Structure formats: C-alpha cells, structure tokens
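As structure tokens, the structure follows; a few thoughts come after it.
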Amino acid sequence: MREHADDRAGRPMGVTRRRALNIGGSLALLAATGLAASAALSRHPPATGAELRSAVPLPPAFRVPLPLPPVLAPVATSGGVDRYEITQRAADVEILPGVRTPMWTYDGVFPGPTIESRRGRPVAVTHRNELPVPTAVHLHGGRTPAESDGYPTDLVLPEGWPDAARPAPGGHGHGAHTMHDPRAVETRLTRDYTFPLDQRPALLWYHDHRMDFTGPAVWRGLAGLHIVRDDAEEALGLPSGPRELPLMIADRAFTEDGGLDYPALDPTLRGRPGVREPYLGGVLGDVILVNGAPWPVHEVDAARYRLRILNASNARHYDLEAVVDGGRRLDLVQVGADQGLLAAPVTHRSLPIAPAERYDVVVDFSEVPVGGLVRVVDRTGSGRTRDVLAFRVARRAADDSPVPDVLADDLPTWRRSEAVRVRELSFRAGRMRGGHGWLIDGLPFDPARSDVTVGLGDVEVWRLVADVHHPVHLHLVGFRVLSRGGGPPLPHDAGLKDTVSLRPAESAEIITRFDGYRGRYLFHCHNAEHEDMGMMANLEVT
Ligand code: C2O
Ligand code: CU
Ligand code: CU
C-alpha cells in the first residue's frame with residue numbers, strides 16, 4: 001500500500017481525498033511479514049512487543065528506596081548562559097540490590113544527571129563520547145536549533161572510529177554508515193549542544209538518537225531529565241521541593257550475570273542494527289524501574305505531591321493508577337502534559353502513558369492513614385509488571401499547596417481554519433532491507449530523502465493513521481490533539497503535546513504551527529524498536 005509521492009508533500013486545504021484506512025490490509029501485511037506469530041499481535045494487551053525474562057533473582061516490590069537523579073551543576077555561567085559538561089561512558093551501576101550492571105551512562109549514573117534550567121536562559125552542554133560507538137544527543141521536547149537537535153547522523157565519533165561512509169570496524173556494513181547522508185555533521189570526541197530554551201516550562205528529557213541504534217543505546221542507560229522552569233509556574237504554588245518528584249519509568253531485563261538483556265542482532269552495537277525476530281514489535285522487560293530502581297518505595301507526608309512522570313521505556317505502555325490499601329483509588333489530578341501546564345486541571349482515575357510521553361500530576365495523600373501504602377500500578381501489566389512504585393505515608397503534615405482552577409493562559413489555540421495544509425501520514429508495518437520494517441507512508445527512514453517540508457510559521461493539520469500502537473513524536477514543535485478516531489480527543493490528550501499515542505487501527509488529528517527555527521528535523525514513532533526499524537521521517541522547516 002505504497003502512498004503516492006505527492007501525498008507526502010501534502011496538499012492544499014480544501015482538496016479532499018477519500019481513502020479507506022485499510023487497516024485489514026495492513027494487518028494482513030503484518031502477517032505476511034511473519035510478525036503475526038510473534039508477540040506483536042497475538043498479545044492483545046496494549047503493549048506492542050515481546051517481553052524478555054530476567055535470568056537473575058529479582059527483589060521484592062516496594063523495598064528499594066526511590067532514588068532521585070543528581071542535579072548537574074554548571075561548570076560556568078557566563079554571558080547569561082549556563083554551561084555544562086557530560087561524559088558518556090561505560091559504568092557499573094547498582095540497579096538490582098547487590099548486583100553490578102554494566103551500562104552506558106551520562107556521567108556514570110542512570111538516569112543521567114538532571115539539568116534544571118529557566119525559560120529563555122540558554123544552556124550549553126558539551127558532551128564527551130567515551131563509549132565504543134558513535135552517539136547523538138537529542139533533547140526531547142526542546143525547541144532547539146537544528147544543529148543542536150541531535151539529528152541521527154550528526155554523530156559524535158569516539159576516538160579511533162573511522163570517518164563517515166566507512167563501515168564500522170568489525171561491522172557487517174549494514175549500519176548507519178552505509179546510508180550516506182551528505183548533510184551529516186560529525187564531530188570527533190566532543191560536541192557542543194546549545195539550547196535556547198525559549199519555550200514553556202516543562203519536563204524534557206535527553207537521550208541518545210543514533211541512527212539505527214537508539215533502542216539499544218537508551219536501554220543501556222543513555223537517558224536523563226531536563227526540567228525547564230519559570231516564575232509564572234512557580235507563582236502557582238504547586239507542590240515543590242521535596243514534594244515535587246520526577247519519576248522516570250523504564251522497563252528492563254537482566255541476564256544471569258547481572259547485565260542488561262537486549263535482543264540485539266549485534267550486541268556490540270557497532271555493525272548490524274536490529275533485534276531478533278520475536279522482538280520486532282518492541283522490546284519489553286520484566287522489571288519496572290523508576291529513576292533506575294526496581295519497584296521502588298518513597299516515604300511521603302500526608303500531603304499533596306507533584307509527580308512529574310516520564311515513560312522512558314522503549315516499547316512498554318502503562319495505564320497508571322494509585323491504589324490505597326483496601327483498593328480505593330486516589331485521583332490523579334493532571335496539571336501538565338508533555339509541553340507544560342494545562343489551561344485547567346483534569347482529574348483522572350487512571351492515566352495511560354506511552355513511550356516518551358510526560359504527565360504532570362498532583363496526588364493528594366492527606367486522606368491516607370499514617371503507615372498506609374499507596375501503590376502505583378499499571379492496569380495493563382500482569383504479574384510483576386503490574387507494580388510500578390509505591391508511596392508510604394510516613395507522617396501527618398501541613399499543606400498549603402493549592403491546585404488552582406486556572407493553571408496557564410498561554411496555550412496556543414490554533415484553529416482548523418488557520419491551517420494551510422492537511423497531511424495524512426500512515427504508520428504501518430512493512431518491509432525494509434529485505435526484512436521486516438516499520439514504515440511511514442510506506443517508506444523506511446532515509447536521511448537523504450526529504451519527506452515533509454513545511455514553511456516557517458505555517459499552521460498545519462496532520463492526520464496520523466496507525467495499524468498497531470505507535471506513539472508519534474514531532475521534534476521542534478508542540479501540538480494539540482484535535483480529534484481521535486473521528487471523535488473528540490481523550491481527556492489525557494489535553495494541553496500541549498509533543499508525542500501522541502495512536503492506538504491500534506486508530507487515526508488522530510494534530511494541529512501545530514511550525515515556528516522557532518528553520519532546518520532539518522524529524523518526526524517518528526517513539527517505540528524505540530520501530531524507530532530503529534525505519535519508522536522515522538524528515539521534517540524540513542524552510
Ligand atoms: Cu525522544 Cu526523536 O526523540
Ligand atoms: Cu524529540
Ligand atoms: Cu511504532
């Protein structure tokens with residue numbers, strides 16, 4: 001079901017096109033590629049992927065204390081710019097109690113150190129690559145000039161790595177280096193990334209984005225948080241200090257010797273990309289980590305807390321709820337989305353979160369008896385993957401934090417009538433490199449091809465169509481969800497998003513204005529295995 005080339009280029013408003021979504025056809029294609037027998041479709045739950053089983057004894061839930069990632073101190077602040085340095089290096093990290101796990105890290109820790117920044121105050125980060133493979137760092141959710149956006153071929157080469165367009169030593173010539181990208185800007189050993197951070201306050205995250213190898217690199221530990229703040233948000237008086245908790249949720253699996261398990265075709269991640277057949281739909285682990293600890297527990301006051309939740313998993317979706325002993329559920333009062341505060345709070349009983357999405361949620365522990373346990377569980381998990389983390393209410397406490405009825409008045413209100421173009425883009429299984437792939441409009445990613453070109457300042461509506469679950473992410477811009485399955489958006493679609501979770505056989509419409517910077521950006525599925533197997537496309541802002 002190859003699309004016509006002019007479909008990719010978009011079409012003017014008013015030109016209608018009728019096309020059956022042909023979901024049945026794409027599922028048949030999936031079957032034809034041998035995926036149907038695998039976990040991707042035979043498991044009905046919302047997870048797209050197959051689960052690895054750890055071969056090491058796992059700790060009981062809710063015993064390990066919740067770690068908080070260290071906040072990075074700038075090495076200099078001059079000319080209104082905060083300068084940071086991060087070294088990407090291999091390190092042994094204690095994830096499971098008493099077990100050393102070799103990982104690839106930012107500064108030796110997982111999650112990487114958190115960067116705290118202020119809106120409009122630029123941050124410069126010098127990354128030094130001491131890993132055995134090239135890297136690219138992307139600030140997810142950042143409004144970043146293209147040269148610092150971590151395009152997948154803008155690599156930081158480690159010492160001794162051959163230059164562009166030559167195969168990696170020992171590689172099978174299958175990797176990024178055979179797909180020549182004339183626009184790639186490579187650096188050796190270090191690279192300076194500059195982030196103007198002229199954007200709404202939000203929880204962002206940085207992670208590796210190397211072409212073909214993002215999934216395994218993030219799985220090995222290359223992910224960290226970046227929080228943007230401003231005065232207006234602080235003036236709201238939402239829970240703060242020890243009552244504001246960043247929570248990076250990620251599943252992993254462990255080998256017998258304590259290492260991370262991942263079904264890479266080439267475990268050195270130097271040559272041939274891709275994963276073994278049963279995992280083509282995505283890699284799931286059987287251990288749920290929060291801030292790098294398995295099923296942790298955190299002591300809280302009987303008061304309101306602001307939980308800033310990121311799903312940093314490669315492929316696992318969660319549907320989170322907070323359950324008190326006895327089964328009562330606490331309200332999850334959503335105050336923010338991927339790109340910052342909502343206009344007004346939205347109360348949920350449970351909250352679905354796809355890979356790369358963030359939710360900013362206030363939970364009130366004041367009615368929970370001292371000593372009580374509040375378990376955050378994933379309604380779609382089973383067995384041990386049902387548990388995520390827990391809060392132990394340790395003491396009564398005063399609480400004057402309000403949740404204001406109005407949170408923000410600066411949310412963009414783009415209207416359909418402002419859109420200069422409506423595009424339709426499909427996210428479906430297909431074939432690439434003679435094997436299974438995940439395609440956007442029938443094509444696997446090619447850095448040298450131009451896919452979508454938008455004018456700086458243009459408002460566009462994109463209609464995204466999926467076969468199975470695909471969390472679709474746009475670089476550079478935040479967007480609003482206009483519709484889902486032809487109906488209104490879901491309650492958790494509120495606010496400004498940068499990732500929208502398409503459900504199986506679903507279409508959704510998003511609207512945005514492409515402003516900020518010109519240059520070459522990306523949009524892609526944030527199931528990291530789908531992304532590595534082709535489901536990414538170029539977004540050129542001109
Ligand atoms: Cu979180 Cu293009 O990535
Ligand atoms: Cu991004
Ligand atoms: Cu996908």
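Start at 1 and go down the list; that is how both ligands and their atoms are numbered. Given the structure is predicted, the values throughout are model-derived calculations rather than measurements.
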Whether His475 and His138 hold their rings parallel, tilted or perpendicular, with breakpoints at 30° and 60°: parallel
Minimum-distance N/O/S atom that His530 presents toward the Cu ion (ligand 3): ND1
His473 N/O/S atom closer than 2.8 Å to atom 2 (Cu) of ligand 1: no
His524: its N/O/S atom lying closest to atom 2 (Cu) of ligand 1 (atom name): NE2
Contact check: His469 to the Cu ion (ligand 3), N/O/S below 2.8 Å: no
Presence of N, O or S from His209 under 2.8 Å of atom 2 (Cu) of ligand 1: yes
Of all N/O/S atoms in His470, the name of the one nearest the Cu ion (ligand 3): ND1
The Cu ion (ligand 2) to nearest N/O/S of His138 below 2.8 Å: yes
Ionic contact status for Asp319 with Arg379, cut-off 4.0 Å: yes
N, O or S from His475 under 2.8 Å to atom 2 (Cu) of ligand 1: yes
Closest approach of Trp205 to Ala312 (non-hydrogen atoms, all atoms of both residues): CZ3-CB, 3.8 Å
Residue His473, metal the Cu ion (ligand 2), N/O/S under 2.8 Å: yes
Worked verdict on Glu186 versus Arg188 for salt bridge (charged side-chain N to carboxylate O under 4.0 Å, His left out): CA-CA 7 Å; Glu186 296 185 341; Arg188 176 114 7 224; over 6 Å; no
Ring geometry between His207 and His209 (parallel below 30°, tilted from 30 to 60°, perpendicular above 60°): parallel
Residue among His470, His524, His526 satisfying ring-ring contact (aromatic ring centres under 6.0 Å, His included) with Trp438: His470
The Cu ion (ligand 3) contact by His526, N, O or S atom under 2.8 Å: no
Intermediate values then yes/no, salt bridge (charged side-chain N to carboxylate O under 4.0 Å, His left out), Asp198 and Arg143: CA-CA 7 Å; Asp198 183 11; Arg143 246 172 129 63; over 6 Å; no
